[in-house]
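Since this is a predicted model, take the numbers as computed values, not measurements.
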Amino acid sequence: MSLSRRSFLTMLGAAAMAGPASALPMFKGEAVPFSLDWLKAEAQRLAGEDYAPMPEVPDAWKNLTYDQYKALVFNTKKALWSDTDRAFQMDFFHPGLYFPRPIEINIVEGDNARKLGFDLSLFKRYEQFPKELVDAAMAEDPMESTLGYSGLRLRHELTKPGRFEEFMVFQGASYFRAIGTGQTYGLSARGLALNTGEAEGEEFPEFTRFWVDAPSHDATTITVHALLDGPSTTGAYSFRITPGQPAHVTVEATLYPRTELTHVGLAPLTSMFLFDQTNRARFDDFREAVHDSEGLLVWNGAGEMLWRPLANPSGLQVSSFVDTNPRGFGLMQRARHSEDFADLEALYHNRPSLWITPQGDWGQGAVTLVEIPSDKEIYDNIVAYWRPRDPMAAGQGYSFVYQMAWGGEPEDTRPVSRVLNTRIGKGYDKEKSHIIMAVDFADHEVFGTKEADLEDITRFISANRGTVSDGILQRNAGTGGVRLAFKFEPGDVASAELRVQLVKDGKSLTEVWLYRWTA
């Protein structure tokens with residue numbers, strides 16, 4: 001059985017189990033001083049040395065099958081801090097299969113940190129997992145083990161006192177993901193993206209060492225620090241995490257490039273888009289749509305709200321939204337009804353959106369969207385990030401801060417009508433081939449309640465190639481808003497950039513709808 005990283009992590013999120021309570025046999029190293037300044041100095045020191053990846057686990061662990069890997073499950077009753085009154089608990093993932101390099105996890109109390117030793121007794125083994133691997137691991141000294149944890153999971157009392165529910169996971173390269181209370185895991189984030197979509201291939205630096213601040217009994221926020229390391233750069237990261245709806249994460253990071261970085265992706269997001277009403281005809285599927293995210297939302301430095309529906313193209317597609325000091329961007333999931341997908345298992349309607357709010361001056365660059373062809377929903381094929389215009393030179397430090405909101409629509413953005421849906425299909429004019437584009441907008445007080453109220457609204461419809469009609473603006477009883485439908489005649493072009501906006505008296509009423517059509 002072959003699974004992508006995204007579906008594999010979804011399985012892990014559902015696999016945590018409760019076993020019989022017992023004493024917590026955690027092993028810790030000697031206490032050593034720790035601070036964020038020390039972490040930055042350590043990242044800078046490593047940047048001056050040749051890259052040395054973390055050691056891999058023995059081949060027997062790397063060669064585990066999918067079924068074998070999932071047959072060793074963390075016992076949440078043995079979570080870190082489960083025998084205390086601390087406000088958070090932490091679970092661990094074992095290594096192997098897709099996670100060949102263990103990470104180091106340290107617990108910070110006061111100004112000191114202690115390393116956790118690998119403890120296999122925290123996991124429950126099912127029959128499919130090789131018993132000889134467990135026996136060999138249990139015979140090792142935990143502080144000298146060739147094994148180690150591959151990731152960590154955070155839990156908090158989200159809905160009921162005494163019930164600790166998961167809300168965030170760090171596992172694999174620099175990947176992490178979170179959910180708002182009551183949501184289902186969907187898209188992921190990364191610490192850094194390098195050379196995404198480039199012909200020479202993408203580089204995946206890794207979070208190799210973590211330091212988790214021990215929370216107090218009444219804490220509502222937990223802080224995780226991480227060291228990023230890769231062939232081209234190191235980095236010191238600090239995540240201040242507040243679960244809820246939405247879940248808020250403040251990220252502070254400083255990069256120390258080993259080599260010049262010409263294609264950097266800051267605050268990168270990774271998601272999946274297979275099909276919706278824009279490309280429904282390509283998929284013989286009983287469901288209405290399949291995606292973790294349906295659109296890229298950008299609040300640019302000029303104050304415009306841009307909405308770009310995601311696409312599953314026939315070839316690699318990269319779009320750049322050039323900007324200076326963006327106010328925010330993110331991948332949104334706006335379809336929130338079960339019947340929007342008709343999938344009773346994946347629960348795509350309950351996947352989180354993720355909004356990034358840059359702090360400070362991010363300068364010139366572009367919000368970049370990478371769309372990769374995909375024929376299965378198990379593959380992540382969407383990446384979005386901020387790409388600075390200027391390269392990052394080796395031997396220097398580059399700091400950036402941003403806020404993340406995992407949940408629904410972003411707060412405190414420009415108050416314009418949102419794009420609710422985009423529908424695309426062939427027209428039926430026999431004389432000339434054309435395509436029908438239908439864009440649904442949410443209601444706005446200026447739209448009024450009658451068709452006549454829409455007459456004074458200006459419809460801006462444009463395409464850089466091909467021709468577009470003037471369009472028809474109508475009330476949509478199904479959404480409570482309005483629909484703008486227009487013809488697009490591509491002629492013999494292979495692609496075109498389309499733009500739609502509703503305006504009255506020089507004021508934008510809607511998000512700016514952007515779409516790249518491809519033949």
Side-chain angles (χ1 to χ4, degrees), residues 197 271-285 288-291 293-298 300 304-322 329 331-335 366-375 381-384 417-441 459-474 476 482-503 510-519:
S271 193
M272 179 276 293
F273 177 88
L274 193 65
F275 68 86
D276 66 1
Q277 289 77 21
T278 62
N279 63 339
R280 182 70 183 80
R282 286 174 49 194
F283 293 87
D284 185 9
D285 197 297
E288 297 294 321
V290 173
H291 51 73
S293 305
E294 62 188 286
L296 170 68
L297 181 64
V298 179
N300 66 22
E304 290 182 309
M305 298 296 300
L306 310 179
W307 175 257
R308 166 64 154 75
L310 297 180
N312 182 358
S314 58
L316 177 67
Q317 187 166 278
V318 180
S319 303
S320 297
F321 304 89
V322 178
F329 66 94
L331 293 175
M332 300 290 112
Q333 183 78 318
R334 286 182 168 172
V367 174
T368 303
L369 175 65
V370 180
E371 296 163 306
I372 305 167
S374 179
D375 60 354
N381 65 324
I382 302 295
V383 187
S417 175
R418 294 188 291 113
V419 175
L420 297 178
N421 200 4
T422 301
R423 300 175 184 273
I424 300 177
K426 291 183 179 180
Y428 294 97
D429 188 341
K430 295 182 180 179
E431 297 180 0
K432 185 177 293 186
S433 174
H434 68 272
I435 296 167
I436 297 295
M437 302 277 185
V439 183
D440 289 319
F441 293 97
R459 297 158 289 181
F460 285 107
I461 306 172
S462 65
N464 69 337
R465 298 186 185 93
T467 60
V468 294
S469 68
D470 292 336
I472 299 174
L473 185 62
Q474 298 173 290
N476 185 340
V482 299
R483 171 177 292 178
L484 177 62
F486 62 96
K487 294 181 181 180
F488 169 57
E489 298 178 6
D492 58 359
V493 303
S495 66
E497 301 286 347
L498 294 97
R499 179 184 175 103
V500 164
Q501 186 177 15
L502 299 181
V503 176
T510 64
E511 295 172 339
V512 179
W513 177 89
L514 305 171
Y515 192 75
R516 177 179 291 179
W517 175 88
T518 56

Item checked: Side chains of Tyr515 and Val439 in contact at under 4.5 Å (non-hydrogen atoms) -> no
Check: Under a 4.5 Å cut-off applied to non-hydrogen side-chain atoms, are Thr518 and Gln317 in contact?
Finding: yes
Next item on the list: Would you check if the side chain of Glu511 reaches a backbone N or O of Val419 as a donor-acceptor pair within less than 3.5 Å?
Entry: yes
Notebook entry, point to check: Shortest non-hydrogen contact from Arg499 to Val512?
Noted result: CZ-CG1, 3.4 Å
Next item on the list: Classify the side-chain pair Thr422/Trp513 by whether it contains a donor and acceptor separated by less than 3.5 Å.
Entry: yes
Next item on the list: Determine the minimum heavy-atom distance between Glu294 and Ala335, stating which atoms define it.
Entry: OE2-N, 2.5 Å
Notebook entry, point to check: Shortest non-hydrogen contact from Ala366 to Ser320?
Noted result: CB-CB, 4.1 Å
Margin query: Parallel, tilted or perpendicular, judged at 30° and 60°: which one describes the rings of Phe488 and Trp517?
Written below: perpendicular
Margin query: Tell me whether Ile472 at atom CD1 has more than 12 heavy atoms from other residues, nucleotides or ligands lying less than 6.0 Å away.
Written below: no
Next item on the list: Find out whether Met437 and Leu498 are in side-chain contact, i.e. whether some heavy atom of one side chain is under 4.5 Å from a heavy atom of the other.
Entry: yes
Next item on the list: Flag this pair as yes if the NZ/CZ of Arg334 is under 6.0 angstrom from the six-membered ring centre of Trp307 and inside a 45 degree cone about the axis; otherwise no.
Entry: yes
Checklist line | Distance-only polar pair, side chains of Ser271 and Ser293, donor-acceptor under 3.5 Å | finding: yes
Note to self: Would you say that Ile382 contacts Met272 through its side chain, given a criterion of any heavy-atom pair below 4.5 Å between the two side chains?
What the structure shows: no
Next item on the list: Before giving the answer on side chain to side chain contact (heavy atoms under 4.5 Å, CB included), spell out for Asp276 and His291 the whole-Å C-alpha distance, their side-chain angles and the decisive distance to 0.1 Å.
Entry: CA-CA 8 Å; Asp276 66 1; His291 51 73; 4.0 Å; yes
Next item on the list: Assess whether side chain to side chain contact (heavy atoms under 4.5 Å, CB included) is satisfied between Thr278 and Phe273, documenting all intermediate values.
Entry: CA-CA 11 Å; Thr278 62; Phe273 177 88; 4.2 Å; yes
Checklist line | Heavy-atom closest pair, residues Asn279 and Leu274 | finding: ND2-O, 3.1 Å
Note to self: A side-chain contact here means heavy atoms from C-beta on lying under 4.5 Å apart; do Ile372 and Val370 qualify?
What the structure shows: yes
Next item on the list: Determine whether Arg459 and Leu484 make a side-chain contact, defined as any pair of heavy atoms from C-beta on separated by less than 4.5 Å.
Entry: yes
Next item on the list: For the pair Arg516 (side chain) and Val318 (backbone), establish whether a donor and an acceptor sit closer than 3.5 Å, ignoring hydrogens and angles.
Entry: yes
Next item on the list: Start with the C-alpha gap between Asn312 and Phe283, add the side-chain angles, then the distance that decides, and say whether side chain to side chain contact (heavy atoms under 4.5 Å, CB included) holds.
Entry: CA-CA 11 Å; Asn312 182 358; Phe283 293 87; 3.6 Å; yes
Check: Would you say Phe275 and Asp285 make side-chain contact, with heavy atoms under 4.5 Å?
Finding: yes
Check: Is any side-chain heavy atom of Arg308 closer than 4.5 Å to a side-chain heavy atom of Leu369?
Finding: yes
